[in-house]
Structures are given as C-alpha cells and as structure tokens.
2 protein chains.
Amino acid sequence: MNKMQKEHALTKNQQIIFDLIDKSPEPMKAYSILFNVQKKGIKAPLQVYRALDKLVEIGKIHKIESRNAFIACHNSSCQVAKATAFSICEICEKVTEISSAGLSKYLANFKDKDGMKYSKYNLEFFGLCKKCRT
Amino acid sequence: MNKMQKEHALTKNQQIIFDLIDKSPEPMKAYSILFNVQKKGIKAPLQVYRALDKLVEIGKIHKIESRNAFIACHNSSCQVAKATAFSICEICEKVTEISSAGLSKYLANFKDKDGMKYSKYNLEFFGLCKKCRT
DNA sequence: AACACTGTGTAATAATATAACATTAATATA
DNA sequence: TATATTAATGTTATATTATTACACAGTGTT
C-alpha cells in the first residue's frame, strides 16, 4: 500500500452504488441499479450515471461494453481502468474478469503496423462457461 | 474463392446500408445511417437494425461496442465476425481495424485459468492517432 | 470574500434499441 | 405446380440507455 496512492474516498452516492454492484453476482445495468437504490434516496438516472462514471474512472468498477452493464473490479491491482479483459458466457451471461499477467503484458506491448503502442484497451472473450458447456 | 463458401448475396436494404457504411471514412451510428437512407425508402429504425444485425452476422461490418457505431470490415479474410480488434483515437475518434496475424493467433490460443479457450473475441485499443499525437 | 472544483438534486429530453404484428419475397421440397 | 418454410420487409409503438441544462451545496484555496 503506497501512501502516495491515496485511497479514493467514495462519496455517499458512489458508495451506495459501488456496494450494490460489488454484492451482485452478475453485471448490473444502470436502470436496474437505479431501481435498487431508490429506497436509499437516489431517484434519477443521472445520479446513477454520475456515480458510475466516477467509479469507472477510478477503476472500482468496469463497464462490459457489449452488455451495457457494470461489474466490480476484482483485480486488486486495478487502480485505474485502463486495461481490462473479460470472459462472457453467451448462454448464461456470466462474466468473469480475466487477470492474466501474460495476456496483459502481451497487450500492453502490442504495436500496430505503424509501431503505435496502446496503454489502454478492453477485451471481451465470448464462449460457453463450464456449466453451459455440459 | 471456395465454391462451397457461397458469397452472401445482400438484400436491397442490406446493400443500401452496407454501401453507406463502406463509403464512410468513420464508423456510423444507427440513427445517422437511418437519416442517410431515408431518401432510399428506409424509414424506420428497425429496418436499419435488422440490416445491421445481418451484416454483422455475416462479417461484412463490425460493431464498435464502445461507440455504438458500425464500420465496414476491411479484413478480406473476415467471413464471419468472430475475432475483431480495433484501435480508436480518443481525440478524433478515428477507428482502424487491426489485422495482425500475431495478435489473432495469440488471442485465439489464449486459455483462461480454467483452461477454457474462446473462439470469439472483441478487442478495442485506445490511444492517440498519429495526427492527434503531434 | 471571491474563486475554483466537485458533487448533488431535479426535470426534461436525446440517443439507442426492441416488441409485436401484418405482409411479401425467396427457397425448398413434395 | 403447389405448398410449406424460411427470411426479409413495412409499420407503429414502446423500451432501454444516456445526456443536457440549470440550480445549488460543500470544500479548499487565494
């Protein structure tokens, strides 16, 4: 734990929404989040989207782009959301964050034809999970 | 050209929409497509989405998930949309399809912790393009 | 105090995508 | 040829996802 890397204190709305996503076994969609936090006083879509934007920015959650849904980061080293990879089951829609040193190293070092390197990426793998394969 | 691999004949709507996307120097969004083809008799969003779905399915176009936009496939070998990679400039939004044998081989062979292999994936790299870097 | 910055609350609306139903065209097979 | 089947179309309405615009509150500076 680096003291310089101050733990980002969440605001009330951010904390409520992060807790909900973090508890969820599956990615949550914005309006489903909204529905679930209305009893806590968060009434409008914008309140949800603002918290989501911030949580994504600081790397506490990730957006699954192909599903328009959000998942808590389970990659402890992930302070900033800049290099993400997921596996997605096309039947049950289970999503798992992939943390593979080899993969992240390969992608972080990947250069395109012009020799350009990219520090930020998002990768989504699709297939069938163990359960759904049987 | 394999005779068994019949060239998919596009229907009228599919052809109109493919031509438009193919001509476009940048990814196009569904409602922008709709606006542009209304003079050709395509009047409703659903007509556009149906054509887009089919075109994606047969690999003639790809969806840029992080942008909700569509780009024509420029990877001649891409008969089916199952393994895609793009670079996206965060300033000018220029999108380029990456065709790297090394990358696609690496990803096609990637196994997660459970030994699971995925035949389908989508990868989006973010950064600054040449022009925007200067 | 004045200012900048971040977050909040609220209403309205924009942008993206699908459901449901009726019809027509294309393909296949009896 | 007839008929069954599948894929595509046309249309209306609606669902889902996300942002704009504006007013205000808290915190930390200068």
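Basis for what follows: all heavy atoms, side chains included, without hydrogens, waters or symmetry-related copies. Quick note on labels: first sequence line is chain A, next is B, and so on, each numbered from 1. Bear in mind the structure is a predicted one, so any value in this text is a computation, not a measurement.
Applying the 4.0 Å criterion to OP1 and OP2 of D:dA7, one finds that B:Lys54 has every side-chain N and O outside that range. At D:dT11, one or more side-chain N or O atoms of B:Lys43 fall inside 4.0 Å of OP1 or OP2 (strictly under the cut-off). Considering only side-chain N and O atoms, B:Asn13 lies under 4.0 angstrom from the phosphate OP1 or OP2 of D:dG10. Regarding contacts with the backbone of C:dT16, a side-chain N or O of B:Lys29 is found under 4.0 angstrom from either OP1 or OP2.
At whole-Å resolution of the value, CG in A:Asp53 and C1' in D:dT17 are 13 Å apart. The OH-P distance, from A:Tyr49 to D:dT20, rounds to 13 Å in whole Å. Note: CD (B:Gln47) to P (C:dT16) measures 18 Å, nearest angstrom. With rounding to whole Å, B:Glu57 atom CD is found 13 Å from D:dT6 atom C1'. Atom OH of A:Tyr31 and atom P of D:dT14 are 18 Å apart (whole Å). A straight line from CG of B:Leu46 to C1' of D:dA13 spans 11 Å, rounded to a whole angstrom. For B:Arg50 and D:dT11, the CZ to C1' distance is 9 Å, given to the nearest whole Å.
Two residues are said to be in side-chain contact when any heavy atoms from C-beta on lie closer than 4.5 Å; B:Glu65 and B:Asn122 meet this criterion.
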